[in-house]
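Okay, so here's the structure we're looking at.
As the structure lists them, so they are numbered: ligands from 1, and atoms in each ligand from 1.
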Amino acid sequence: MIKLIEETVDYLKDKGFENPEIGIILGTGLGQLINDVNIIKEVSYNHIPNFPTATVEFHKGKLIYGTLAGKKVIIMQGRFHLYEDYSLQDVTYPVRIMEKLGIHTLLVSNAAGAINLNFKKGELMLIEDHLNLQGSSPLAFKGVEKLGERFADMSAPYNTEINTKFKAIAKANNIKLHEGVYASVFGPQLETRAEYRMLKILGADAVGMSTVPEIIVANHLNLKAAAVSVLTDECDPDNLAPVDISEIIAMAGKAEPEMVTLFKELISTL
Ligand code: HPA
């Protein structure tokens with residue numbers, strides 16, 4: 001993998017992706033942050049050597065380099081999911097690339113269902129910890145120790161200083177920001193009532209199909225990491241209505257201005 005990473009990094013450096021400080025992964029319906037970015041370079045995923053290629057059509061699939069709130073950022077517009085038939089190593093490959101390019105911090109957004117029924121759809125949740133329920137690890141491969149500590153420490157996977165800042169920014173801007181545990185599942189099917197009950201018993205506040213692999217690799221590489229979920233549906237097993245994916249995407253869009261404010265203000269402090 002080291003050779004592949006070097007090849008990808010050389011290509012991007014050649015394209016002008018110079019010394020980014022912060023990496024950002026934009027999740028479903030959270031793309032508006034891009035409007036505030038002074039874009040210097042952008043490359044489609046399918047032009048980047050050794051990059052997995054984007055499949056789900058509502059993701060644009062571009063790597064963007066620019067400045068945001070005075071910081072050099074690298075943005076993944078569109079991410080890779082396990083349920084699209086990518087491996088955990090594919091899903092996390094871009095994190096390894098961003099780290100080699102020089103980022104010190106990884107920020108992630110996603111859409112998630114609310115397991116904690118005190119949380120309502122359209123609200124945001126700062127991820128404080130996670131449950132990896134995707135059945136494997138992005139670190140479970142031969143040679144992983146050449147890239148970092150195989151037995152990566154996960155005692156504080158989400159950076160507490162960044163989370164403290166997020167909470168202060170939310171308060172100052174009158175944004176409701178819950179805090180909780182995110183469970184990652186494989187997907188793409190949504191959960192059964194029994195699965196929602198299980199997730200609650202396990203201690204999850206929200207459930208989604210992403211983020212955890214990227215956060216594990218960020219920790220493997222000693223990056224500071226943080227993530228915010230937009231809650232798009234309420235997972236009440238006793239009153240479960242059929243989920244409409246277009247409604248989920250619409251709900252993610254509704255919360256977007258708040259998410260953009262949180263990220264922009266946070267980045268200006270990093
Ligand atoms: N389950 C899993 N993933 C999700 C959900 C959900 O209810 N909502 C948004 N992403």
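Looking at Arg79 and Glu214, a side-chain N of the basic residue comes within less than 4.0 Å of a carboxylate O on the acidic one, giving a salt bridge.
Listed by first and then second residue, the side-chain hydrogen bond (donor to acceptor under 3.5 Å, both in side chains) pairs that reach into residues 92-108 are Thr8-Tyr93, Arg96-His220, sequence neighbours excluded.
If you look at ligand 1, the protein residues with a non-hydrogen atom under 4.0 Å away are Ala111, Ala112, Gly113, Leu190, Glu191, Tyr196, Val207, Gly208, Met209, Thr232, Asp233, Cys235, Ile248.
Ring-plane geometry between His178 and Phe119 is classed as parallel, the angle between the planes falling under 30 degrees on a 0 to 90 degree scale with a further cut at 60. A perpendicular orientation is assigned to the rings of His130 and Tyr158, their planes being inclined by more than 60° (bins at 30° and 60°).
The ring of His47 has its center no closer than 6.0 angstrom to the ring center of Tyr11.
In this structure, Arg150 and Leu139 have side chains that are not in contact, with every pair of non-hydrogen atoms separated by 4.5 Å or more.
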